[in-house]
Number of protein chains: 2
Amino acid sequence: MRISTRGEYGVRAMFDLAVHYGQGPIALKVIAERQAISEHYLEQLMGNLRKAGLVSSVRGAQGGYQLASAPEKIPVGDIIRTLEGPIAPMDCVEEDASAGCRQFERCATRVLWERLRDSMEQVLDTTTLETLIEEGMRLRAKDDSFMYHI
Amino acid sequence: MRISTRGEYGVRAMFDLAVHYGQGPIALKVIAERQAISEHYLEQLMGNLRKAGLVSSVRGAQGGYQLASAPEKIPVGDIIRTLEGPIAPMDCVEEDASAGCRQFERCATRVLWERLRDSMEQVLDTTTLETLIEEGMRLRAKDDSFMYHI
DNA sequence: CCAATCCCGAGTAAGTTGCTAGGAATTAAT
DNA sequence: ATTAATTCCTAGCAACTTACTCGGGATTGG
């Protein structure tokens, strides 16, 4: 039941872009350094996020990445779905649901996995990048050594 | 963010034992057949569940496994923790928390993972095997072809 | 032009998953 | 006492996933 580094790094990188939202494109190299993530690896993740329409990129010198929309418009769930696949503890309760389980509506444990999925989605879809920034500020207020990276 | 077959099979097997609670030990072979799970593989899972004190076993002919306590005393969370490890979307928010993240209290995204963990635990710890049986009965009422296995 | 930067596909070592194989120990039934 | 049924234990393994690295091509500001 772990999120892999794809989701973790993705959220961290997007949070970084959110903190610097409106300041023009930010080079991959900068994000990777600030967040202590392998540059080449992050590149792949950013490629996926771009294809999913969550970030836009500017090529060439002085280029980089920026959020495709404002931080309050980007739920963490969108990032996770892009990099980790559907949010579901089990294949049989994916949203499109087509996959597999022949017992379908009649399975007793299925109800459990549906509830688990719903509670996970509730958290991830109601938390936006803006939410994370606000909460980061609150942490910062309590502790001045607060850091945005890691 | 998937639960592996360990957790899935474990819950199914425990549900099976719950349905037959109070009827004496049930042979692994029977559970495995009813739930369509590889016998040898399930054996390993049952070994873990026994060591964790969730089931008791009777060796020798006519032996088998039974729940160590009543279905309403066994939350699904206990089964999952035994077979899948701590319920936490990220290492840094495991309950004992010792592991790793040096930024600890100051990390903005950490709050997110904590909330996700809490919502997952809430579902898994408030759902017991008895809950699953009750919900199974409700499904059965609607659809007479309801099956306990799978 | 050229340096910075994004874009893309291939390769890969280490770890995880979902089993299988084989046999030792225990016990009820005969 | 023997046998058959059953749990217990360890080892092995093929396929898959993860978390990268490598090498180069395409694009663009200065």
Side-chain angles (χ1 to χ4, degrees), chain A residues 1-13 17 23-68 80 82-86 89-91 100, chain B residues 1-13 17 23-68 80 82-86 89-91 100:
Chain A
M1 281 304 269
R2 292 287 191 284
I3 281 188
S4 73
T5 56
R6 285 195 294 276
E8 184 196 343
Y9 294 173
V11 171
R12 292 229 308 265
L17 289 182
Q23 305 177 11
I26 298 178
L28 185 70
K29 193 181 179 182
V30 174
I31 308 172
E33 250 164 38
R34 256 196 310 239
Q35 298 295 329
I37 299 171
S38 148
E39 203 178 323
H40 264 309
Y41 188 40
L42 184 56
E43 193 174 31
Q44 292 169 25
L45 306 180
M46 295 308 289
N48 289 331
L49 293 170
R50 182 179 50 80
K51 282 171 206 157
L54 295 177
V55 299
S56 63
S57 62
V58 178
R59 301 184 69 171
Q62 309 306 115
Y65 295 92
Q66 50 201 339
L67 294 187
I80 300 293
T82 300
L83 298 175
E84 302 265 340
M90 194 92 70
D91 289 344
Chain B
M1 281 304 269
R2 292 289 190 283
I3 281 188
S4 74
T5 55
R6 285 196 294 276
E8 185 196 343
Y9 294 173
V11 172
R12 292 229 307 266
L17 289 182
Q23 304 177 11
I26 298 179
L28 184 70
K29 194 181 177 182
V30 174
I31 308 172
E33 251 165 37
R34 258 198 307 241
Q35 298 294 329
I37 298 171
S38 148
E39 203 178 323
H40 264 310
Y41 188 40
L42 184 57
E43 192 175 29
Q44 292 169 25
L45 305 181
M46 294 309 289
N48 290 330
L49 293 170
R50 182 179 51 79
K51 282 172 206 156
L54 295 178
V55 299
S56 63
S57 63
V58 177
R59 301 186 67 172
Q62 308 309 112
Y65 294 92
Q66 50 200 337
L67 295 187
I80 300 293
T82 300
L83 298 174
E84 302 264 341
M90 194 92 71
D91 289 344

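Chain letters run A, B, ... following the sequence lines, proteins first, then strands; residues in each count from 1.
- Evaluation of atom-type donor-acceptor distances gives a pair under 3.5 Å for the side chain of B:R59 against the base of D:dT7.
- Protein atom CG of B:N48 is 14 Å distant from nucleotide atom C1' of D:dT7, rounded to whole Å.
- The CG atom of B:L83 sits 12 Å away from the P atom of C:dT17 (whole-angstrom rounding).
- Distance check: A:M46 CE to A:I37 CD1 gives 9.5 Å after rounding to the nearest 0.5 Å.
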So which protein nitrogen or oxygen atoms get under 3.5 Å of nucleotides 20-22 of chain D's nitrogens or oxygens?
unit_1 : atom_1 : unit_2 : atom_2 : d
D:dC20 : OP2    : A:Y9   : OH     : 2.8
D:dT21 : OP2    : A:S38  : OG     : 2.6
D:dT21 : O4     : A:Q44  : NE2    : 2.6

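- Counting all heavy atoms, side chain and backbone alike, B:S57 lies closest to B:R50 at OG-CD, 3.2 Å.
- The nearest whole Å value for the distance from the CG atom in B:D91 to the P atom in C:dG15 is 15 Å.
- An OP1 or OP2 oxygen of D:dT6 is reached within less than 4.0 angstrom by no side-chain nitrogen or oxygen of B:S57.
- Distance CD1/B:I80 to CZ/B:R6: 10.5 Å, rounded to 0.5 Å.
- Between A:R2 and B:P86 there is a side-chain heavy-atom pair separated by less than 4.5 Å.
- In the set C:dC7, C:dG18, C:dT5, C:dG18 carries the atom at the smallest distance from any side-chain atom of B:S4.
- If you take NZ of A:K29 and P of C:dT5, they are 7 Å apart, rounded to a whole angstrom.
- Nucleotides of DNA chain C nearest to A:G60 and A:R50 differ in position, and the one nearer the 5' end is that of A:G60.
- Contact annotation: the side chain of B:Q66 never approaches that of B:L17 to less than 4.5 Å [non-hydrogen atoms, C-beta and beyond].
- Per the geometry, CD1 belonging to B:I26 stands 15 Å off C1' belonging to D:dT7, to the nearest Å.
- When side chains are defined from C-beta on, A:V11 does not count as touching B:M90, because their heavy atoms never get closer than 4.5 Å.
- Straight-line distance from the CE atom of B:M46 to the P atom of D:dC8: 9 Å, rounded to whole Å.
- For A:A61, the listed nucleotide lying nearest its side chain is D:dG29; candidates were D:dG29, D:dT7, D:dT18.
- No engagement by B:G47 is indicated, since no non-hydrogen atom pair under 4.0 Å with the nucleic acid exists.
- The nearest whole Å value for the distance from the CD atom in B:E84 to the C1' atom in C:dT16 is 12 Å.
- Across the protein-nucleic acid pair, A:Q62 atom CD and C:dC2 atom C1' stand 13 Å apart, rounded to whole Å.
- Annotation: the span from A:L45 atom CG to A:E8 atom CD amounts to 11.0 Å, rounded to 0.5 Å.
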